[in-house]
Amino acid sequence: MATIRTRFAPSPTGRMHVGNLRTALYAYLIAKHENGSFVLRIEDTDKERYVEGAVDIIYRTLQGTGLIHDEGPDKDGGYGPYVQSERFAKGIYLEYAKQLVEKGAAYYCFCSKERLGTLKSTIGSEDGDEDNEVKEITKYDKHCLHLSKEEIEEKLANKVPFVIRQNIPVQGTTTFKDVIFGEISVKNEELDDMILIKSDGYPTYNFANVVDDHLMKITHVVRGNEYLSSTPKYTRLYQDFGWEEPVYIHCPLITNEEHKKLSKRSGHSSYEDLLEQGFVSEAIVNFVALLGWSPQSNKEIMSLEELIEEFDYNNINKAPAVFDMVKLRWMNGEYIKNMEFDKYYSLALPYIKEVIKKDLDLRKIATLVKTRIETFCDIKDMIDFFEELPDYDIAIYTHKKMKTTAESSLGVLQELLPRFEALDDYSEDNIENVIMTYIKEKEIKNGQGLWPIRTAVSGKQSTPGGAYEIMSIIGKEESLSRIKKAIEKLS
RNA sequence: GGCUCCAUGGUCAAGUGGUUAAGACACCGCCCUUUCACGGCGGUAUCAGGGGUUAGAAUCCCCUUGGAGUCACCA
């Protein structure tokens, strides 16, 4: 069996959306599972949509997720160039398009936009109150197919703008096979004579894709389900060229909560957005891998290596999957909890420093919060009280389960204040000692003694860490000040 | 609207003719506990509907319904 070669072929149009990332991931996993090659190809045939810097984003994303390509613009594997605009410059696409013209499988078309406009027919529900989405549909009428050789020559000589269209037979059906969806047949009459070469000379995505996949010896084409309906046209192209078709793997769509395809516009996250939202790269990859596929073993938390080991594209689901942020959050929390401390600390530090300006033990704060956050962005609201005592309502001193009230709390704080004043070394142990001694003397429940203190020094109903940790972190001066303030409030 | 695809809990999903229909997230309860988390234990909840095929259907076929994708000189 030949070595598997898959490719990831993004367009440099902005950030990497999760659907795109998932496609890249699967392409990578399929190749790596079989020790094959993963190729990166930049599809920049649309100069209108080209975004400056987008290529860098692609590199950074691949780097960040660990989807390392074996070949690409920066790693020549003998099938370059790997950037379509460079391939275009070499005249590759036009050359192949002309081949098809020779064979009668494609033809020059000189129709104006205006004429094309007259071919449009409008569909859509005018009476539908809800979704009266009106669409225009064009099916080209093969008008230029019947131009004589002389007419074509003349127009070309006169520099009449032209495109090259695929000539799809009027009769018969076209069938292709997809690994996930099986055999799919479409009547040829349903297929439009799609444009292969645009009037600016550039190839369309569909054409460039076929030519490049063939030239780069791609064995498995991994792409989103949205391409399923254009695949028959690819099949025709392969057949017209006399090339062997690759194995198609159309991944199920990733949708939003409304079960609609994720798109930039739906305000949904790209990989970069997710990083900004405090997610860990590994968690994103892990989560996305499980959208549409699940391993034989019931494992959910899987490293990229484990994914490579277990991935089997025959087990990919057909149905679209909803991108569930809640579960991503959970998974991210798992990654954070299991993360080695130093790595965690370096990632968490910027978020901590955003709120903590005072000279506090940031490592300690980071530790307290490690098992409590799901994303790094959760840190902020959790630790703000270390920096400054929030304004709080004394109602929070009342806790039924702790058996505390504002009155009982006042008593505890007043009695404890002198002992805290007497204490110099605010280590956790010392503080614990002071408090527990007091609790034993008074023969009260732990909660009765601890709740008022934690509340007083934090001003919050819930906090990461307890009384000892908090006091030890904010130190003597601040602790006393907060307790005094509490006594004042409660009096 | 045409074409194509899809259909197991709220979500991700196992399942491939015989199961008490896994597991995870979420939700609820209990335990642990100085709060909140973490952790542990338990619970609610799924085969869209209708016909077949079969001794037996979540699994095979058909229809209905519902949903999605696509129909560009965008990818």
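Here is how names work: the chains are called A, B, and so on, in the same order as the sequence lines, proteins then strands, and each is numbered from 1. Keep in mind that this is a model prediction, so the values were computed, not measured.
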Which nucleotide, if any, forms a Watson-Crick or G-U wobble pair with [N], using both distances under 3.5 Å?
| N | answer |
| --- | --- |
| A75(B) | none |
| U11(B) | A24(B) |
| A48(B) | U64(B) |
| C41(B) | G29(B) |
| U70(B) | G2(B) |
| C36(B) | none |

Hey, does the side chain of [X] come within less than 4.0 Å of [N]'s phosphate (OP1/OP2), counting only N and O?
| X | N | value |
| --- | --- | --- |
| Lys198(A) | C74(B) | yes |
| Lys318(A) | C6(B) | yes |
| Lys261(A) | U70(B) | yes |
| Thr463(A) | C36(B) | no |
| Asn206(A) | C73(B) | no |
| Thr13(A) | C74(B) | no |

Check whether the ring centres of Phe376(A) and Tyr351(A) lie less than 6.0 Å apart, and answer yes or no.
yes
Tyr238(A) and Phe176(A): aromatic ring centres closer than 6.0 Å?
no
Nearest-angstrom distance from the residue atom [atom1] of [X] to [atom2] of [N]:
| X | N | atom1 | atom2 | answer |
| --- | --- | --- | --- | --- |
| Leu290(A) | C12(B) | CG | P | 12 Å |
| Lys187(A) | C5(B) | NZ | C1' | 16 Å |
| Trp330(A) | A24(B) | CH2 | P | 9 Å |
| Ile435(A) | U35(B) | CD1 | C1' | 13 Å |
| Leu450(A) | C36(B) | CG | C1' | 15 Å |
| Leu116(A) | C71(B) | CG | P | 15 Å |

Using atom [atom1] in both nucleotides, what's the gap between [N] and [M] to the nearest angstrom?
| N | M | atom1 | result |
| --- | --- | --- | --- |
| G9(B) | G49(B) | P | 10 Å |
| G10(B) | A48(B) | C1' | 16 Å |
| U59(B) | C27(B) | C1' | 30 Å |
| U53(B) | A72(B) | C1' | 46 Å |

Applying side-chain contact (heavy atoms from CB on, under 4.5 Å) to Lys445(A) and not counting sequence neighbours gives Gln448(A)
Between Asp378(A) and Thr375(A) (side chain of the first, backbone of the second, donor and acceptor by atom type, cut-off under 3.5 Å), is there such a pair?
yes
Record whether the side chain of Lys327(A) comes under 3.5 Å of the base of A24(B) through a donor-acceptor pair of N or O atoms.
yes
Any donor-acceptor pair under 3.5 Å between the side chain of Arg372(A) and the base of C38(B)?
no
For RNA chain B, whose closest nucleotide is more 5', that of Gln461(A) or that of Leu253(A)?
Gln461(A)
Partners of Asp46(A) by salt bridge (charged side-chain N to carboxylate O under 4.0 Å, His left out), sequence neighbours excluded?
Arg49(A)
Just compare A13(B), G69(B), C25(B) and give me whichever is closest to any side-chain atom of Asn317(A).
A13(B)
